[in-house]
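To start, the structure itself, in structure tokens.
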Amino acid sequence: MEESVIINVDEKASLLDSKPPPKKRLSSLDIFRGLTMVGMILVDNQGSPDHVIWPLKETDWDGISTADFIYPFFLWISGFAICLALRNASLKDWKIWFKLLKRAVILFGIGVFLNIWASDFDWAHFNMMGILQRTSICYTILAILYLLIPNLLWLQAIIVLIIFPTIYLLFVYLLYVPGCGKGSLINECNAVQYIDSILLGNHGGTARDGSPRTNPEGLFATLTSCSTMFIGVICGVLMSKYKNEPNRKMLKYWLFVGFAAVIVGVIAFFAGNPVNKKMWSVSFAFCTGGSGAICLSIIYFFVDDLEWKGRKYLLLLLQPSIWLGTNPLLIFIAMIALEILLMDTIILSDGSSAWEWVYENMFASWINNENFASFLVSFIYLILWTIIAGLLYWKGLFFNI
């Protein structure tokens with residue numbers, strides 16, 4: 001089994017494209033993606049949102065927790081794969097452009113459908129944006145930039161790491177928002193929420209009851225989300241450039257990029273830009289993007305670089321993450337669909353959802369610690385999807401758009 005999961009990168013692999021290569025993959029990337037899937041399943045599927053243990057609890061507004069790194073890591077991983085998937089692509093190859101457009105439309109469409117379903121088909125107030133939608137937009141923007149100027153990484157960096165965040169900051173701090181003025185950074189009234197409400201109306205920037213709400217996967221903050229993803233692009237380019245040189249050289253560059261991005265984020269924080277996931281602040285974008293580079297470096301060192309006796313046991317221990325990491329899109333969509341079915345669609349006679357009934361009657365009824373009971377629900381849910389991912393892996397079934 002060890003030979004089938006090790007070593008080189010599949011240039012087609014990404015968060016949104018898990019088509020298996022004919023020969024070899026970069027095990028550390030699959031593991032990183034799989035571990036991120038583990039985090040997402042645990043964070044999104046607590047038995048009760050009111051009883052969540054700290055590592056899995058997302059911050060309400062300013063600040064950051066371990067749970068807040070999950071989605072940025074998905075963006076980072078998708079960015080890492082862009083240059084690997086497109087490094088041999090031609091600007092004049094219409095098939096590449098068609099495939100890129102098709103992927104963006106399908107992913108955005110799936111995300112919108114899931115949101116419409118979750119709103120009980122409330123066409124007037126469903127949320128237009130979400131994880132798949134934002135990821136598809138970021139991926140498409142950065143892929144187009146890469147196709148247009150593939151050999152000018154510095155120019156791409158100026159656009160995505162300087163111009164995009166600058167535009168974001170100008171609007172956030174200088175745009176007058178009715179009701180709170182300029183530079184407001186509160187949940188109910190800020191430029192990010194205001195711009196989304198203008199661009200998307202009832203489908204973004206407002207809750208279903210019409211009250212202001214900052215969508216953590218909204219449209220305007222896609223600007224800084226692109227910055228997070230682009231840090232992954234940089235590491236992917238370094239992977240391609242130094243793949244035939246000693247691994248430690250590439251690792252040094254990855255770590256340099258990672259720590260440099262984190263430092264930029266920290267500077268932005270001390271300059272007055274709070275770390276905020278829902279607004280996807282500049283400090284948040286750079287800190288999480290840099291952390292993605294550091295995390296992959298650590299995993300790569302122990303899994304793909306270092307020759308040590310415990311390596312095969314580590315791979316065996318991490319095998320479930322490889323299952324999840326090679327079929328993330330299918331697992332993610334199916335997970336969200338089942339969530340919607342149990343949390344929003346199946347409503348019992350007492351008004352509670354099927355999910356709430358399971359939690360209250362099968363877990364909270366006999367477990368005194370409500371936080372542990374809530375965690376146990378998500379852990380069993382994780383086991384379910386890991387088994388499904390394992391079966392798909394062993395059957396050689398991989399979902400790809």
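The structure displayed is predicted, hence computed values, not measured ones.
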Within the 6.0 Å centroid threshold, strictly below: W355 and Y359: no
Aromatic plane relationship, F121 with W123 - under 30° parallel, 30 to 60° tilted, over 60° perpendicular: tilted
Plane angle bin for F73 and F69 - parallel if under 30°, tilted between 30 and 60°, otherwise perpendicular: tilted
Whether F126 and H203 hold their rings parallel, tilted or perpendicular, with breakpoints at 30° and 60°: tilted
Exceeds 12 heavy-atom contacts within 6.0 angstrom, atom CZ of F256: no
Row check, W76 ring normal vs R33 NZ/CZ: under 6.0 Å, within 45°: no
Min side-chain heavy-atom separation S28-L296 under 4.5 Å: yes
SG(C189) to SG(C180) below 2.5 Å: yes
side-chain contact (heavy atoms from CB on, under 4.5 Å) partner of F286, the single match among I263, V262, V264: V264
Min side-chain heavy-atom separation I234-F80 under 4.5 Å: no
Neighbour count >12 (heavy atoms, 6.0 Å) for atom CG, D350: yes
Close aromatic pair by centroid cut-off 6.0 Å: F220 and Y168: yes
Side-chain donor-acceptor pair present, T228, W280, cut-off under 3.5 Å: yes
Whether Y393 and W323 hold their rings parallel, tilted or perpendicular, with breakpoints at 30° and 60°: tilted
